[in-house]
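Quick notes on the structure that follows.
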Amino acid sequence: MLEARDIAVTLGHHPALHGLSVALEPGTVTAICGPNGAGKSTLLSTLAGLLRPDSGQVLLDGGALSGLVPRVRAKAIGYLPQSAEVAWDVSVDSLVALGRLPHGDAAGAGAAAIEATIAALDLQPLAQRPVSQLSGGEKARALLARVLAGQPRWILADEPLAALDLAHQLALLARLGEAAQRGAGVVLVLHDLALAMNHADRVLVLEQGRLAADGPPQEALSEAVIARVWGVAARWLGEPGARALATR
Amino acid sequence: MKHRATWLFAILLVIALPLSLLAGRIWLDPWSTPNAAVILMELRLPRGILAIVVGAGLGAAGAAMQGYLRNPLADPGLFGIAPGAALGAVLALFLGLATAWLLPLFALAGAAGAMALLALIAGRTGGIALFTLAGMMLASLAGALTSLLISFAPNAFAVSEIVTWLMGALTDRGWHEVWLAAPLTLAGIVCLTRAGRGLDALTLGEAAARSLGIQPVQLQAWLIAGVGLTVGSGVAVAGVVGFVGLIVPHLVRPLTDRRPSSLLVPSALAGALLVLVADALCRILPLVTELRLGIALSLLGAPFFLALLLRMRRGMA
């Protein structure tokens with residue numbers, strides 16, 4: 001269980017989260033949605049232990065996250081930032097191996113995990129290729145593989161699907177869904193409400209640093225909530241699991 | 001395969017060292033040159049070893065700096081440690097205290113001062129941007145103070161002495177410089193290798209690095225200590241030797257898997273090789289006075305670097 005208890009976070013002088021509480025279950029995919037500036041990335045970073053709340057606390061399995069040694073925390077929580085930055089032109093397998101840093105076993109016991117992750121994400125043909133020679137979709141897959149290679153119990157990803165085409169979005173979501181089925185808690189910041197509606201088990205809607213809705217996607221992303229939070233008149237079309245959002 | 005670059009430069013270094021010992025305006029024949037043993041043991045061997053020590057420190061520091069700033073244009077001078085050390089040495093020259101021991105000690109004090117200021121200004125947050133700005137500010141302050149001392153120098157001889165020293169050289173260095181610089185440089189390289197894991201993680205950016213359990217403040221401390229010890233002791237015994245920290249990691253990177261940590265040791269070896277060869281060239285060249293090492297490296301380094309950049313650009317196009 002990854003739990004935020006009444007957390008308030010200020011970025012500079014700007015309050016980003018106001019007393020937010022949420023408890024996340026392992027084995028599920030949770031989407032964090034909301035308009036720009038609602039505090040989605042701030043919430044994700046705080047849950048990942050990268051930002052320390054001004055008040056309140058984040059608990060991992062009942063213990064304070066801030067009390068954990070960074071390496072122990074890193075083994076439990078994998079975090080995929082929004083930026084796809086890779087400063088040096090390393091090969092895909094070196095990139096994926098970075099996921100084992102908290103374990104310090106990339107050359108030893110972790111090699112099997114690295115290999116398995118590369119295989120699971122269909123990166124084998126690209127394993128020796130420098131990242132500069134990857135397409136956007138391939139790079140996103142390699143970066144996700146980096147997180148998965150650490151075998152974290154929690155996978156926190158900030159807009160992992162942005163800048164990906166539809167097929168790659170679905171492929172990445174499928175991999176994340178598999179991780180959740182294996183028992184990992186998956187938390188994603190998503191902008192595409194239809195993807196959240198169709199692929200998340202639970203949706204948190206943020207509005208100006210507060211929780212505006214929380215629940216199964218059909219409730220948390222109801223037309224009424226979208227109208228209230230985004231100020232957009234929209235209608236859901238299609239069947240459950242294959243919904244599309246129509247806007248005027 | 002994995003340690004290809006390390007082996008390559010280690011072997012080249014093993015070949016280059018004896019050659020460099022024989023090289024000079026007068027080539028040494030160990031069997032026929034009179035006093036060959038004395039020349040070797042008291043002049044050329046300490047000088048050769050010092051070249052290796054200084055070059056190794058600059059190469060490793062450059063590789064670490066480029067990894068830390070995630071920028072291939074970073075150079076050890078950027079943190080203000082080299083200018084700080086230079087200021088210390090110039091102060092010793094200015095005060096007329098430039099004895100064989102006092103000058104390097106003043107330089108080390110200058111480097112230590114710069115390290116302490118860096119740690120004080122930027123060390124608490126561990127942020128890279130603040131750290132870089134603080135380093136550049138220190139570099140420019142130390143540079144200005146050095147210029148100030150030169151302009152206040154009591155006579156033309158002192159000015160020339162300071163300016164010549166600033167150009168960097170290994171002329172007339174002996175064992176005591178080796179004993180001073182070698183342990184400090186070695187300790188510095190050890191500190192830099194301790195930063196290796198953090199530098200690798202930084203490949204993915206600051207946030208991802210922290211999520212991998214890297215502690216920015218700790219990483220920065222290893223880096224300040226490592227760059228301070230290597231560059232500070234290098235400047236203390238050889239003056240300002242530019243370009244090594246910039247070009248060596250560039251040369252070495254394509255021979256490695258490009259992770260910053262796998263660049264550190266090969267860069268140290270390649271830096272040692274470069275300074276050793278450049279210093280030997282300084283001795284061989286038939287000029288009226290011996291070419292200063294710092295000038296030689298810039299003369300050698302700048303066109304080489306330019307050619308490398310042009311080749312890289314062609315490769316990218």
Side-chain angles (χ1 to χ4, degrees), chain A residues 41-42 44-45 47-52 65 68-107 127-128 130-133 139 142-143 146-147 149-150 152 154-158, chain B residues 1-3 63-74 124-130 193-219 249-250 252-264 267 312-313 315-317:
Chain A
S41 295
T42 306
L44 198 75
S45 298
L47 288 170
L50 302 179
L51 280 178
R52 202 169 266 217
L65 190 63
L68 290 182
V69 177
R71 263 177 93 157
V72 174
R73 186 203 67 216
K75 283 183 198 173
I77 302 178
Y79 171 79
L80 185 61
Q82 197 174 341
S83 87
E85 175 183 357
V86 183
W88 306 107
D89 201 10
V90 294
S91 62
V92 168
D93 54 1
S94 292
L95 176 67
V96 176
L98 288 176
R100 296 304 295 183
L101 267 184
H103 303 265
D105 63 355
Q128 302 300 320
V131 283
S132 66
Q133 292 171 25
K139 194 175 174 189
L143 287 166
R146 188 276 293 173
V147 176
W154 290 89
I155 298 165
L156 275 50
D158 198 347
Chain B
M1 180 67 191
K2 204 178 154 206
H3 299 291
M65 290 281 305
Q66 293 185 4
Y68 186 62
L69 300 182
R70 285 169 285 159
N71 190 327
L73 297 177
R124 263 175 229 163
T125 60
I128 294 176
L130 178 65
T193 56
R194 293 300 300 265
R197 238 168 50 87
L199 297 178
D200 284 353
L202 271 180
T203 302
L204 299 167
E206 280 183 82
R210 287 207 297 129
S211 80
L212 284 167
I214 301 303
Q215 292 166 279
V217 175
Q218 211 177 60
L219 174 63
H250 271 274
V252 175
R253 194 170 285 118
L255 303 174
T256 68
D257 62 9
R258 293 171 190 268
R259 280 181 306 131
S261 68
S262 59
L263 198 59
L264 290 171
S267 287
M312 271 166 57
R313 207 182 61 172
M316 274 185 268

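Below, chain A is the first sequence line, B the second, and so on; all start at residue 1.
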Pair count under 4.5 Å, heavy atoms only, with chain B: among A:V86, A:L143, A:L156, highest is A:V86
Distance in Å, [X] [atom1] paired with [Y] [atom2], rounded so as to fall on 0.5 Å steps:
X      : Y      : atom1 : atom2 : result
A:D93  : B:D257 : CG    : CG    : 8.5 Å
A:R71  : B:I214 : CZ    : CD1   : 8.0 Å
B:L204 : A:L80  : CG    : CG    : 9.0 Å

Set of salt bridge (charged side-chain N to carboxylate O under 4.0 Å, His left out) partners for B:R258, sequence neighbours left out: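 Salt bridge (charged side-chain N to carboxylate O under 4.0 Å, His left out) check on B:R258 returns nothing, list empty.
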Taking side chain as everything from C-beta outward and backbone as N, CA, C, O, which of these in [X] sits under 4.5 Å from a heavy atom of chain B? Side chain, backbone, both or neither.
X      : answer
A:L95  : side chain
A:I77  : backbone
A:P81  : side chain
A:R73  : side chain
A:R146 : side chain

With sequence neighbours left out, the residues meeting side chain to side chain contact (heavy atoms under 4.5 Å, CB included) with A:V72 are A:L68, A:V69
Please give me the minimum heavy-atom distance between [X] and [Y], naming the atom from each residue.
X     : Y      : value
A:L98 : B:L212 : O-CD2, 3.6 Å
B:R70 : A:A87  : CG-CB, 3.5 Å
A:L50 : B:S211 : CD2-N, 3.5 Å

I want to check a possible cation-pi pair here: B:R253 against A:W88, using under 6.0 Å from ring centre and within 45° of the ring axis as the test.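 Relative to the ring axis of A:W88, which defines the angle, B:R253 lies inside both limits.
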Checklist entry - Would a distance-only check, ignoring hydrogens and angles, find a side-chain to backbone donor-acceptor pair under 3.5 Å from B:R259 to A:V90? => result no
